[in-house]
J.: 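Sharing a structure, written as structure tokens. Questions coming.
Along the sequence shown, the residues carry numbers beginning at 1.
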Amino acid sequence: MDPVVRECDVLVMGGGIGGLMAAIAAADAGARVIVAEKADTRRSGSGATGNDHFVCYIPEVHGDFEDFMRELKLTQAGLNADEPVLRAFAARSFEIARDWHKWGINMKLNGQWTFEGHAYPGHMRTHLKYDGRDQKKILTREALKRGVVIENKTPVAELLTDRAGRICGAMAIDVSDTVPAVKLFRTKTVIAATGSANRIYSSCTPAWMFNVAGCPACTGTGVAASYRVGATLVNMDIPAIPAGPKYFSRAGKGTWIGILRDYHGKNIGPFLEKPSREHGDITSDVWPSVFRDKQRDGTGPVYMDCSELSEEDMQYLLWAFTCEGDTSLVEAMEKQGIDLRRHMVEFGSYECTLLGRGVEIDPHAATNVPGLYAVGDQVGNFLSHIAGAATMGRIAGERAAEYARTAEPDDRVENHPVVAERRAFYTALMERKHGSSWKELNITVNQLMDDYVGVYNVRSETLMSAGLKYFGDLRKRAESSVMCRDAHELMRALEAFDLLDLAEVVCLSALERKETRGGHRRADYTFTNPLLNGMFVTARLQDGRPVISMRPAR
């Protein structure tokens, strides 16, 4: 696997929403940009099939910016965020909405800026309704128009730093053929945008590993690779729990226009009496564990009831599903004879993800590693979403291009010690004739996370300490036994090893938080400690050892 070397000013690691917007912004600023994407940028990442809500501040709609910020902090988009980052996003969000509309993504319904869903009754609405079904194709086109080089089927596996700890390159695997090839990138900056870790816990249907709410190819590689070169991670201890139709993992519960009700048709939450297109039922945003809680105490199931919608609103809902990319859900309901005019649909929680848990950034999307930026779902101190990924992507692209103008390239990328070590490891995986598959490693990580760092089960010092020991045992066994027969299996094996790295960080971070808070439930610390309100757990590698601490939200 002799390496091919590419050179650029800005390397974007991942071609999702955040990655493409970063590439566009960096190219507009005059940088030579390469996007290295695991799949194909026209349909990759968790925004691949569409979206229908875009968090956005529009002065003519919302009025005072401070009023908007107060409301934003009450929504999911404002949780676990450092306020300077949240403000940097909000201040430029409208700029992105206007550009997207100009490029061909329909951000206006009937020619109007329309805000609906994810809102408390009587409160300001912060989520712009839009039609995002073609957003990836359009953003890919805009990147190519600007001269961005897109290398599909090229997942970046490792980041490289120089002797001063600055980014100098990256190592990727070309998986476009059966036999993998190493690609090296000599670059002045990297923007990590590979999304959340979506296969770190078991799916809601464990036999179907890829039945997950987000993109199953997003396995937190950007977070793991950033951590390995010294980037600080944050909020890895507090889980994110998506929800939607039970067993059919399709996120986007905010698209549904209905009321969450129990078996007897009684409303679960206090926010709405009847379905509201303008607000949506925000109960599960406020109470994300509602579906598991109701199942556990025997008062479930919980259903989404859309039967009181007018025919006009029903047609609007079905249209919104296509914007969100939920056409497979519509097709499944039609095939099974489910009519939302007559039938309630049971909702449930999906697998826990690391959405909005990961790399710590400043308001310019910069990490603590010089030359490294991060955007999108892999950011830990700003719960990203489509608008967050797009807006912070633009900010990261601008700043990375500016940094690259003064940074000097490092000529030792080909001879970098990490490259030699990883090439030897990849070769060992490929040359083994007998061993275990990447699936066994991934499933074992899932099982250990479920049992020892659980979300739906309690956590404790004894359980998590045992889990850490088992993660170490698993690493030794996997490194000496996993075998790969082709490029695809090598890619999947490297994903599973990244998940193992992140599993250890989650476990260490959860041990540090000695209280119960949200989905982090400690059997040995059953109360929420008010002294820890607004405190974030951070993790970073120092001299090869993890350093875990707490800091106040900024």
J.: Are there more than 12 heavy atoms of other residues, nucleotides or ligands under 6.0 Å from atom NZ of Lys439?
T.: no
J.: On a heavy-atom basis, which atom in Met344 and which in Tyr303 lie closest, and how many Å separate them?
T.: CB-CB, 3.7 Å
J.: Short question: side chain of Ser203, backbone of Thr205 - any donor-acceptor pair under 3.5 Å?
T.: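 Indeed, once roles are kept as given, a pair shorter than 3.5 Å links the two residues.
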J.: Go through it in stages, so that I can follow the logic: the residues are Glu83 and Arg87, the test is salt bridge (charged side-chain N to carboxylate O under 4.0 Å, His left out), and I'd like the CA-CA distance, side-chain angles, deciding distance and then a yes or no.
T.: CA-CA 6 Å; Glu83 187 162 340; Arg87 285 178 172 273; 2.8 Å; yes
J.: Before you tell me yes or no, could you show the steps for Lys253 and Asp281 under salt bridge (charged side-chain N to carboxylate O under 4.0 Å, His left out), namely the whole-Å CA-CA distance, both residues' side-chain angles and the distance that decides it to 0.1 Å?
T.: CA-CA 9 Å; Lys253 64 182 185 292; Asp281 189 346; over 6 Å; no
J.: Within a radius of less than 6.0 Å around CH2 of Trp208, do more than 12 heavy atoms belonging to other residues, nucleotides or ligands occur?
T.: no
J.: Would you indicate whether Tyr263, at its atom OH, is surrounded by more than 12 heavy atoms from other residues, nucleotides or ligands within a distance under 6.0 Å?
T.: no
J.: Are Thr41 and Thr140 close enough, and set up right, to give a side-chain hydrogen bond (donor to acceptor under 3.5 Å, both in side chains), and what steps lead you there?
T.: CA-CA 6 Å; Thr41 61; Thr140 297; 3.0 Å; yes
J.: Show your reasoning for whether side chain to side chain contact (heavy atoms under 4.5 Å, CB included) applies to Leu468 and Tyr452.
T.: CA-CA 9 Å; Leu468 274 177; Tyr452 298 95; over 6 Å; no
J.: Using atom types as modelled and distance alone, determine if a side-chain donor or acceptor of Asn110 lies under 3.5 Å from a backbone N or O of Gln112.
T.: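 A pair under 3.5 Å: no.
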J.: Is any side-chain heavy atom of Leu508 closer than 4.5 Å to a side-chain heavy atom of Met236?
T.: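 A side-chain contact is absent here, since even the closest heavy-atom pair is not under 4.5 Å.
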J.: What distance separates His385 NE2 from Phe54 CZ, expressed to the nearest 0.5 Å?
T.: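 Separation between the atoms: 9.0 Å.
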J.: side-chain hydrogen bond (donor to acceptor under 3.5 Å, both in side chains), that's the test. Do Thr219 and Asp498 meet it? Break it down for me.
T.: CA-CA 7 Å; Thr219 52; Asp498 285 336; 5.2 Å; no
J.: Quick check: does any side chain N or O of Asn211 sit under 3.5 Å from a backbone N or O of Ser249, one acting as donor and the other as acceptor?
T.: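 Here the side-chain-to-backbone pair exists.
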J.: Is the count of non-hydrogen atoms from other residues, nucleotides or ligands lying under 6.0 Å from Arg133 atom CZ greater than 12?
T.: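 Yes, enclosed.
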J.: Would you indicate whether the side-chain heavy atoms of Trp256 and Pro245 approach each other to under 4.5 Å?
T.: yes
J.: For Tyr130 together with His127, are the ring centres under 6.0 Å from each other?
T.: no
J.: So which heavy atom on Arg522 is nearest to which on Glu461, and how close?
T.: NH2-N, 3.7 Å
J.: Evaluate whether atom CZ of Phe65 has more than 12 neighbouring non-hydrogen atoms of other residues, nucleotides or ligands under 6.0 angstrom away.
T.: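 Buried by this count: over 12 neighbours within 6.0 Å.
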J.: Pairing donors with acceptors under 3.5 angstrom, does anything connect the side chains of Asp131 and Asn106?
T.: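 Side-chain D/A pair, Asp131 to Asn106: absent.
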J.: Quick check: do Ser46 and Asp377 have side-chain heavy atoms less than 4.5 Å from each other?
T.: yes
J.: Tell me whether the count of non-hydrogen atoms from other residues, nucleotides or ligands lying under 6.0 Å of CD in Glu273 goes above 12.
T.: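 Not more than 12 within 6.0 Å, no.
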J.: Measure from the side-chain N and O atoms of His279 to the backbone N and O of Arg125, and report whether any donor-acceptor pair falls under 3.5 Å.
T.: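 No.
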J.: Decide yes or no on side-chain hydrogen bond (donor to acceptor under 3.5 Å, both in side chains) for Asn529 and Arg517, but give the supporting numbers first.
T.: CA-CA 8 Å; Asn529 185 348; Arg517 186 174 295 270; over 6 Å; no
J.: For a side chain to side chain contact (heavy atoms under 4.5 Å, CB included) check, start with the C-alpha distance between Arg394 and Glu95, then their side-chain angles and the critical distance, and finish with the verdict.
T.: CA-CA 10 Å; Arg394 172 165 288 179; Glu95 160 192 330; 2.8 Å; yes
J.: Under 6.0 Å between the ring centres of His123 and Phe271?
T.: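 Between His123 and Phe271, the centre distance exceeds or equals 6.0 Å.
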J.: Between Phe497 and Trp438, is the ring centroid distance below 6.0 Å?
T.: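 Centroid distance Phe497-Trp438: not below 6.0 Å, so no.
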J.: Identify the two heavy atoms, one from Val375 and one from Met392, that lie closest to each other, and give their separation to 0.1 Å.
T.: CG1-O, 3.4 Å
J.: Are Ile259 and Lys274 close enough that some pair of their side-chain heavy atoms sits under 4.5 Å apart?
T.: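 Counting from C-beta outward, Ile259 and Lys274 never come under 4.5 Å.
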J.: Strictly distance-based, threshold 3.5 Å: is any side-chain N or O of Lys136 a donor or acceptor partner for the main-chain N or O of Gly47?
T.: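 Absent.
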J.: Closest heavy-atom contact between Ile257 and Asp313?
T.: CD1-O, 4.3 Å
J.: Can you classify the ring geometry of Phe89 versus Phe382 as parallel (below 30°), tilted (30 to 60°) or perpendicular (above 60°)?
T.: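 Tilted, since the angle between the ring planes falls between 30° and 60°.
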J.: Would you say that Met21 contacts Thr391 through its side chain, given a criterion of any heavy-atom pair below 4.5 Å between the two side chains?
T.: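 When only atoms from C-beta onward are counted, Thr391 and Met21 do not touch, as no gap falls below 4.5 Å.
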J.: So does Gln315 have more than 12 non-hydrogen atoms from other groups sitting under 6.0 Å from CD?
T.: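 Correct, the count exceeds 12.
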J.: Less than 4.5 Å apart, side chain to side chain, heavy atoms only: is that true for Tyr350 and Val212?
T.: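 Side-chain contact under 4.5 Å: no.
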J.: Passes salt bridge (charged side-chain N to carboxylate O under 4.0 Å, His left out), Glu351 versus Arg199? Steps please.
T.: CA-CA 8 Å; Glu351 79 295 336; Arg199 298 200 323 261; over 6 Å; no
J.: Do side-chain atoms of Asn198 reach the backbone of Cys215 as a donor and acceptor pair under 3.5 angstrom?
T.: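 Side chain of Asn198 to backbone of Cys215, a donor-acceptor pair under 3.5 Å: yes, one is there.
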J.: Keeping the roles fixed (side chain from Asn51, backbone from His53), state whether a donor-acceptor pair exists under 3.5 Å.
T.: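 Checking the backbone N and O of His53 against the side chain of Asn51, no donor-acceptor pair under 3.5 Å is found.
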J.: Show the nearest heavy-atom pair for residues Asp237 and Pro239, with the distance to one decimal.
T.: O-CD, 3.4 Å
J.: Using side-chain heavy atoms (C-beta onward) and a distance below 4.5 Å, is Met107 in contact with Arg98?
T.: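 No, every pair of side-chain atoms sits at 4.5 Å or beyond.
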J.: Within the supplied structure, the quantity of interest is the number of heavy atoms (other residues, nucleotides, ligands) at a distance under 6.0 Å from Lys137 NZ; does it exceed 12?
T.: no
J.: To the nearest 0.5 Å, tell me how far Thr49 OG1 sits from Asp134 CG.
T.: 11.0 Å
J.: Between Glu324 and Arg250 (salt bridge meaning N to carboxylate O under 4.0 Å), is one present in this structure?
T.: no
J.: For Asp67, is there any backbone N or O sitting under 3.5 Å from a side-chain donor or acceptor partner on Asp64?
T.: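 Between the backbone of Asp67 and the side chain of Asp64 there is a qualifying donor-acceptor contact (under 3.5 Å).
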J.: Compare every heavy atom of Asn80 with every heavy atom of Asn235, then report the nearest pair and how far apart it is.
T.: ND2-O, 3.5 Å
J.: So, Thr194 side chain and Gly220 main chain: donor-acceptor pair closer than 3.5 Å or not?
T.: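 A pair under 3.5 Å: no.
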J.: Could you measure the distance from the CD1 atom of Ile395 to the CZ atom of Arg92? Nearest 0.5 Å is fine.
T.: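 The CZ atom of Arg92 is 5.0 Å from CD1 of Ile395, to the nearest 0.5 Å.
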J.: May I ask you to test the Ile268-Lys294 pair for a side-chain heavy-atom distance under 4.5 Å?
T.: yes
J.: Hey, is the main chain of Tyr456 close enough, under 3.5 Å, to the side chain of Arg296 for a donor-acceptor pair?
T.: yes
J.: Have Glu116 and Tyr316 got a donor and an acceptor in their side chains that come within less than 3.5 Å?
T.: yes
J.: Between Lys108 and Trp113, is the side chain to side chain contact (heavy atoms under 4.5 Å, CB included) condition met? List the steps.
T.: CA-CA 5 Å; Lys108 290 184 175 182; Trp113 302 113; 3.3 Å; yes
J.: Applying side chain to side chain contact (heavy atoms under 4.5 Å, CB included), run through Tyr57 and Met69 and close with a yes or a no.
T.: CA-CA 9 Å; Tyr57 166 67; Met69 286 300 301; over 6 Å; no
J.: How far does SG of Cys218 sit from CG of Leu354, to the nearest 0.5 angstrom?
T.: 12.0 Å
